[in-house]
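We name chains A, B, ... by the order of the sequence lines, and we start the count at 1 in each one. The figures here come from the full heavy-atom set of this structure, side chains too, leaving out hydrogens, waters and symmetry mates.
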There are 2 protein chains.
Amino acid sequence: MAENVSYQNVQAEVMRRINDHVWEPGGLIPAESLLAKEFGCTRTTINRALRELADNGILDRKRKVGTRVALHPERKATFRIPLTRLEVENSGAIYRHSLIERKICKPPVVIRTRLGLSATSKMLHVRALHLSDGQPFQYEDRWVCLEVVPKILDAKLETISANEWLVQNAPFTSGDIIFSAASASKEEAELLGTHEGDALFVVERITWQGTAPVTQVRLAYAPGYRLHSVI
Amino acid sequence: MAENVSYQNVQAEVMRRINDHVWEPGGLIPAESLLAKEFGCTRTTINRALRELADNGILDRKRKVGTRVALHPERKATFRIPLTRLEVENSGAIYRHSLIERKICKPPVVIRTRLGLSATSKMLHVRALHLSDGQPFQYEDRWVCLEVVPKILDAKLETISANEWLVQNAPFTSGDIIFSAASASKEEAELLGTHEGDALFVVERITWQGTAPVTQVRLAYAPGYRLHSVI
DNA sequence: CAAATTATTATGTGTAGACATAATATGATT
DNA sequence: AATCATATTATGTCTACACATAATAATTTG
């Protein structure tokens with residue numbers, strides 16, 4: 001008798017009660033100590049179950065106030081941000097990349113202000129094309145903050161992509177990502193082997209080391225690219 | 001004396017050692033029991049610290065084998081999947097939606113096979129336009145599985161959007177999401193108030209209740225839409 | 001020697017209890 | 001009545017210990 005109740009059992013039952021509207025969206029659910037008594041386990045176990053559900057956005061918790069069912073159950077989707085090389089190789093194709101430009105210069109105002117840099121700052125501007133089985137796969141336009149990552153000037157970016165060098169040598173603490181769709185410019189179309197005006201999937205990413213910007217990159221994918229994710 | 005060591009302290013120090021290459025990517029790190037001794041806390045605390053980092057993709061853990069620094073630190077990004085209504089309202093605009101079509105019929109083969117339905121299955125096909133301050137914001141093309149959610153036939157989809165009705169009435173256990181870019185068809189362009197061929201940001205989503213498909217939806221956003229996310 | 005069996009070990013998860021902390025509710029004071 | 005100090009409460013996190021489990025290593029067996 002007295003089987004152990006696992007935190008997963010608790011989670012399953014909590015989810016059932018939410019789905020069956022036993023516990024209404026926005027409503028308070030019983031306190032941990034009560035649930036512990038009801039489920040016949042310790043508060044530790046209940047705590048872990050509820051904490052994880054709160055991490056997943058299913059529940060909202062506040063000290064002293066209690067735990068309530070999230071009002072708008074906006075499920076969180078997570079997706080991995082792989083290296084472009086691995087993204088290609090995982091599809092079974094052969095990866096290659098070619099450096100288009102590598103220049104130290106002052107960034108355009110858009111970039112500078114977005115990163116919060118002074119007007120005199122110089123950055124490393126890198127443009128590269130990533131290929132999958134010889135076909136254009138992704139066009140990369142990157143600005144690297146030299147004050148934060150001066151060592152990148154020693155990197156052989158013809159051999160190792162800036163993407164990969166940064167992952168290995170420039171840790172970041174946080175980042176912003178923006179997904180959008182854009183029409184291919186003439187140059188982009190040429191590089192990606194498609195036509196001007198074609199719809200491209202675009203990812204922009206800015207990464208930070210504390211409050212200092214590390215790098216900003218714009219990745220334009222060749223037509224047909226689909227980013228997959230799971231809820 | 002003997003200050004408590006929190007799991008967050010442990011996480012911070014672990015991250016430092018990874019960033020400073022004290023622990024190499026792919027390398028084994030000391031076992032929980034050793035770290036507990038080193039940090040002067042219990043294994044429980046170490047476990048929580050490492051477990052969370054593993055959840056975030058920073059570490060790889062396997063029983064008996066140990067814990068290693070993830071070889072390719074593909075950071076996971078998470079983003080919320082809000083109701084379209086809230087997405088609009090949170091931007092300060094007024095939301096409205098208009099139903100374009102609501103029909104019970106057999107789905108095209110693409111949809112049917114993707115959802116694993118039989119050839120005779122009928123589904124509810126809903127098309128709607130979501131507006132932000134009167135301007136076209138998102139075009140929704142949805143198929144709902146009537147075997148799983150028969151009650152949707154009673155819903156007043158002119159009043160409440162299918163999106164919102166389903167969130168409240170049809171829980172799901174898992175889902176796939178695909179992001180892509182597409183050129184606007186003539187009809188899409190008309191509905192979204194733009195031009196044929198314009199680049200649209202497209203989200204496709206399939207949700208499942210166990211192994212049964214709940215709904216498949218294709219959301220095409222008006223030009224200019226950007227999806228934000230944080231790492 | 002190869003195959004099957006039996007340790008061994010690192011993580012996974014549970015119990016029981018304690019103190020910390022944030023936010024509210026209550027009561028005392030002006 | 002309004003303000004401030006004080007209890008109260010639910011979650012947050014830690015200690016200390018125990019047993020479960022998966023995967024490997026060591027050992028026995030055919």
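Residues passing the side chain to side chain donor-acceptor pair (under 3.5 Å) test with B:D20, sequence neighbours excluded: B:R16. Applying the side chain to side chain donor-acceptor pair (under 3.5 Å) test to A:Q135 and every residue at least two apart in sequence or in another chain returns nothing. Residues passing the side chain to side chain donor-acceptor pair (under 3.5 Å) test with A:H97: none are found, sequence neighbours excluded. By the side chain to side chain donor-acceptor pair (under 3.5 Å) test, A:R68 pairs with no residue at all, sequence neighbours left out. Residues meeting the ring pair (Phe, Tyr, Trp, His ring centres under 6.0 Å) test with B:Y221, sequence neighbours left out: B:F137, B:Y225. Annotation: side-chain contact (heavy atoms from CB on, under 4.5 Å) contacts of A:L129 (sequence neighbours excluded): A:S98, A:I100, A:L131, A:P136, A:Y139, A:L191, A:L192. Residues that satisfy the side-chain contact (heavy atoms from CB on, under 4.5 Å) test with B:I178, not counting sequence neighbours, are A:R226, A:H228, B:E204.
Rounded to whole angstrom, the span from the CZ atom of B:R61 across to the P atom of C:dT13 amounts to 10 Å. Atom CG of B:N47 is separated from atom P of C:dT13 by 8 Å (rounded to the nearest Å). The CD atom of B:E32 sits 8 Å away from the C1' atom of C:dG12 (whole-angstrom rounding). When the P atom of C:dT15 is taken as reference, atom NZ of A:K37 falls 16 Å away, rounded to whole Å. Rounded to an integer number of Å, the gap from CG of A:L34 to P of D:dT9 is 12 Å. Atom CZ in B:F39 sits about 17 Å away from atom C1' in D:dT15, given to the nearest Å. The distance from atom CG of A:L28 to atom P of D:dT11 is 9 Å, rounded to the nearest whole Å. Here the C1' atom of nucleotide C:dT11 and the CD atom of B:E52 are 16 Å apart, to the nearest Å.
An OP1 or OP2 oxygen of D:dG12 is reached within less than 4.0 angstrom by no side-chain nitrogen or oxygen of B:Q8. Taking side-chain N and O atoms only, A:Y7 has no distance below 4.0 Å to OP1 or OP2 of C:dG14. Under 4.0 angstrom from either OP1 or OP2 of C:dT13 there lies at least one side-chain N or O belonging to A:R48.
Note on B:S6: only backbone sugar-phosphate atoms sit closer than 4.0 angstrom, heavy atoms only; bases stay farther off.
Closest heavy-atom contact between B:F39 and B:V5: O-CG2, 3.2 Å.
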(message) Treating primed atoms plus P, OP1 and OP2 as sugar-phosphate and everything else as base, which nucleotides of nucleotides 17-27 of chain C get B, S or - for protein heavy atoms under 4.0 Å?
(response) BB--BBBB---
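DNA chain D is contacted by no residue of residues 9-19 of chain A, taking any non-hydrogen atom closer than 4.0 Å.
The pair B:E32-B:R61 meets the salt-bridge criterion, with a side-chain N (NZ, NE, NH1 or NH2) lying under 4.0 Å from an Asp/Glu carboxylate O.
For A:T45, taking side-chain heavy atoms from C-beta onward, the closest of the listed nucleotides D:dT15, C:dT15, C:dT13 is C:dT15.
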